[in-house]
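One structure is given here, and the rest of the page talks about it.
Worth knowing before you read on, the calculation uses all heavy atoms, side chains too, and leaves out hydrogens, waters and symmetry mates.
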Amino acid sequence: MESKAEKYRVILVDDEPVILRSLKVAVPWEELDLEIVGEARNGEKALQLVRELSPHMIISDIRMPGIDGIALMKKVLAENAKRLFIFISGYGEFEYAREALREGAFDYLLKPIDHDELIEMIQRAKKNLEKQMENDKLLHSVQVLSVLARERLFAEFIEGNQGQSPIQHMRWLENSELAQDYFMAVIQLDHYMKLNEQWTPEERRLWLFAIRNILGEWSMANGALTVFPFHGGEWVLLFPGSLSAKKEELGSDVIRQIKMNTKLSCSIGFSQLAAGMEQLSEAYQSAAKALYQRFYSDREGVFLDSAAASELGAVREAKYPKHLEAAMLESIRTLNKERLLGTFDETKRYIEDQAFSKEMAERMIVELTVVLYRQFEHLNLSMEWPLEGMLQELHSLGTLHEMIGLLKSNFGKWITDSRENPSKENIQNVIGKTQEYILGNYHKDLSIDEVAELAGLSISHFCLLFKQVSGYTFLEYLTQCRIEKAKFILKNSHVKVYQVAPMVGYQDPRYFTQVFKKVTGMTPTEFREADVGA
């Protein structure tokens, strides 16, 4: 059942009891959806009631003993400029009433009171309050969207997609706090996959929401630039470079806070110093590399990327087989078992040719295993072993041949199982279901996260499958649906162009016009006129 909207609260102020009684009786407050929450016979009492009851509207006599109406209004508006004053004034107080308007009164009414005129005035005041509330909601929405856009922007840079995203052109990037030295921390819940299996979807949302709140409060108190979730069970924090010497202290404190408030353990990896938005990806790799040390430790902890290279990522680029890692990730995304196994063989030859020590080779294999395992997680592909178990098995093996053989055996089997899983044969049906959902909800603020969740897929896996099945990206398909519906409305109705925009999911008519022209080659007006001419 839908809850009834809160009524606007009104206080009546007049030193004449007969006027107060008249106002209460003559105005249909209930019909106007207004509520009289207090009455006062002087300015001092009225000011006290305003502070206690927080009214939206005050209807007051303009001249009263003690604090008069204008003095009362000045005090009230200084505390909350959104409250509305309607004054009742005698014939001889016209100049006084004009002064009230100059000081911010909504309107005034001359005595003797014309109740019809007063009701009309109150209705206008109510509309003004409703408009204020709508503006406040819009401002809140813009602020929330600004935070989300900022997080999405950082995530895109971390993923290395900044060259493809128009969001990079946002003006506030020019003065980003990341222009100065900063470093990144990546926090991961220990045993997240096991926890994820135990939690219901609702429990998972509640736990992750709780940790996000803890990190948000902690970040504000400890000088962090921002904090946001990145992958499941993982959060990114950015700190100014001036706090670099306090990494151990900061990391230990945040681990302690999460453990104290949720009883969950986590680990944190800190990157080397970076500067500029374009180094976010490298900073993430640096922090993630630090976190790999967690798999050599028997408990949660703070881990630092202590590579000796002067430039961020230089050691990784010089020795780590990034090209082979990329080929393996692509093999997993496309479920290409043969290519994956061949790339493992290339990795074995690469390590042998470089003549790495056993310790260095094992470290490299562990890092590669973590990256590949995470790819399986992100694509929601079936896996039999938890990551910790797989790493423990790697540590127990004595030769490179055995280590590579273990990886080929397990990752290869998981790809085979994923290809043969009966549920994968229903991909066409799953994507068809999401297409129907988009067609039925295109007019809403539809997000890819929402549709991927409907499909039961990770976002990256959903994007891949949606493009394979439909031939479009999610955004292209959504845009096509919206524009086709807009064309139908323009052809078959007289709805104004600016009214069509929100009907098909665009809140900004100008942006709607830009998208429409990009898709059709014509503005909505030109399209309608061309159709009429035909």
Checklist entry - Near Lys126 NZ, under 6.0 Å, is it more than 12 heavy atoms from other residues, nucleotides or ligands? => result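 More than 12 within 6.0 Å, yes.
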Checklist entry - Within a reach of under 6.0 Å around CD of Glu44, are more than 12 heavy atoms found that belong to other residues, nucleotides or ligands? => result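 More than 12 within 6.0 Å, yes.
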Please tell me if the side chains of [X] and [Y] come closer than 4.5 Å, counting only heavy atoms from C-beta onward.
X	Y	result
Leu237	Leu225	no
Val254	Ile268	yes
Val13	Asn42	no
Ile122	Trp29	yes
Asp68	Asp61	no
Lys485	Ile489	yes
Val10	Ile58	no
Val519	Thr479	yes

Next on the checklist: Checking His443 against Val504 for the side-chain contact (heavy atoms from CB on, under 4.5 Å) test, could you report, in this order, the C-alpha distance in whole Å, the side-chain angles of both residues, the deciding distance, and whether it holds?
Outcome noted: CA-CA 4 Å; His443 57 289; Val504 296; 5.8 Å; no
Salt-bridge present ([X], [Y]; N to O < 4.0 Å):
X	Y	result
Glu526	Lys517	no
Arg205	Glu202	yes
Glu436	Lys433	no

Checklist entry - salt bridge (charged side-chain N to carboxylate O under 4.0 Å, His left out) with Glu16: which of Arg63, Arg21, Lys111? => result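 Testing Glu16 for a salt bridge (charged side-chain N to carboxylate O under 4.0 Å, His left out) against Arg63, Arg21, Lys111 leaves exactly one candidate, Lys111.
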Pair [X]-[Y], side-chain donor/acceptor within less than 3.5 Å:
X	Y	answer
Glu476	Gln480	no
Lys131	Asn128	no
Tyr437	Glu450	yes

Testing the basics here: between [X] and [Y], what is the closest heavy-atom pair and its distance to 0.1 Å?
X	Y	value
Arg83	Ser54	NH2-CA, 3.3 Å
Trp235	Pro229	CD1-CA, 3.5 Å
Leu264	Ile258	O-CG2, 3.8 Å
Val37	Leu53	O-CD1, 3.3 Å
Leu439	Cys481	CD2-SG, 3.4 Å
Ala530	Met522	CB-SD, 4.3 Å

Next on the checklist: Walk me through whether Leu23 and Leu118 qualify under side-chain contact (heavy atoms from CB on, under 4.5 Å).
Outcome noted: CA-CA 9 Å; Leu23 289 172; Leu118 176 60; 3.4 Å; yes
Taking atom [atom1] of [X] and atom [atom2] of [Y], what is their separation to the nearest 0.5 Å?
X	Y	atom1	atom2	value
Leu84	Leu129	CG	CG	4.0 Å
Leu243	Asn222	CG	CG	8.5 Å
Ser286	Met184	OG	CE	9.0 Å
Asp33	Gln123	CG	CD	12.0 Å
Ser60	Phe85	OG	CZ	6.5 Å
Asn261	Trp218	CG	CH2	13.5 Å

Ignoring hydrogens and geometry, is there a side-chain-to-backbone donor-acceptor pair from [X] to [Y] under 3.5 Å?
X	Y	answer
Gln285	Glu282	no
Ser470	Phe466	yes
Arg528	Leu490	yes

Checklist entry - Does the pair Lys75 and Ile67 meet the rule for a side-chain contact (heavy atoms from CB on, under 4.5 Å), with working shown? => result CA-CA 10 Å; Lys75 290 179 180 290; Ile67 299 178; 4.3 Å; yes
Next on the checklist: Using salt bridge (Lys or Arg N to Asp or Glu O under 4.0 Å), reason through Glu79 and Lys74 one step at a time and then give a plain yes or no.
Outcome noted: CA-CA 9 Å; Glu79 296 175 6; Lys74 287 180 178 178; over 6 Å; no
Next on the checklist: Applying side-chain contact (heavy atoms from CB on, under 4.5 Å) to Val236 and Val227, what does each step give before you reach the verdict?
Outcome noted: CA-CA 6 Å; Val236 167; Val227 57; over 6 Å; no
Item to check | Derivation and outcome, salt bridge (Lys or Arg N to Asp or Glu O under 4.0 Å), residues Glu39 and Lys45 | outcome: CA-CA 9 Å; Glu39 303 171 34; Lys45 177 63 174 176; over 6 Å; no
Checklist entry - Are the aromatic ring centres of Tyr108 and Phe87 under 6.0 angstrom apart? => result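 No, the ring of Tyr108 stays outside the 6.0 Å limit from the ring of Phe87, centre to centre.
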Checklist entry - Is it true that Phe239 and Phe183 have ring centroids separated by less than 6.0 Å? => result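 Yes, they do, as the ring centres are separated by less than 6.0 Å.
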Next on the checklist: One pair to check against salt bridge (Lys or Arg N to Asp or Glu O under 4.0 Å): Arg333 and Glu330. What are the steps and the verdict?
Outcome noted: CA-CA 5 Å; Arg333 281 193 289 268; Glu330 179 62 21; 3.1 Å; yes
Checklist entry - Considering residues at least two apart in sequence or located in another chain, which fulfil the side chain to side chain donor-acceptor pair (under 3.5 Å) criterion with Arg9? => result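 Scan of Arg9 (side chain to side chain donor-acceptor pair (under 3.5 Å), adjacent residues dropped) gives Glu6.
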Item to check | salt bridge (Lys or Arg N to Asp or Glu O under 4.0 Å) against Arg124, all qualifying residues, sequence neighbours excluded | outcome: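 Salt bridge (Lys or Arg N to Asp or Glu O under 4.0 Å) check on Arg124 returns Asp107, Glu120.
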Item to check | Step-by-step salt bridge (Lys or Arg N to Asp or Glu O under 4.0 Å) determination, Glu130 to Lys127 | outcome: CA-CA 5 Å; Glu130 290 171 344; Lys127 288 182 180 178; over 6 Å; no
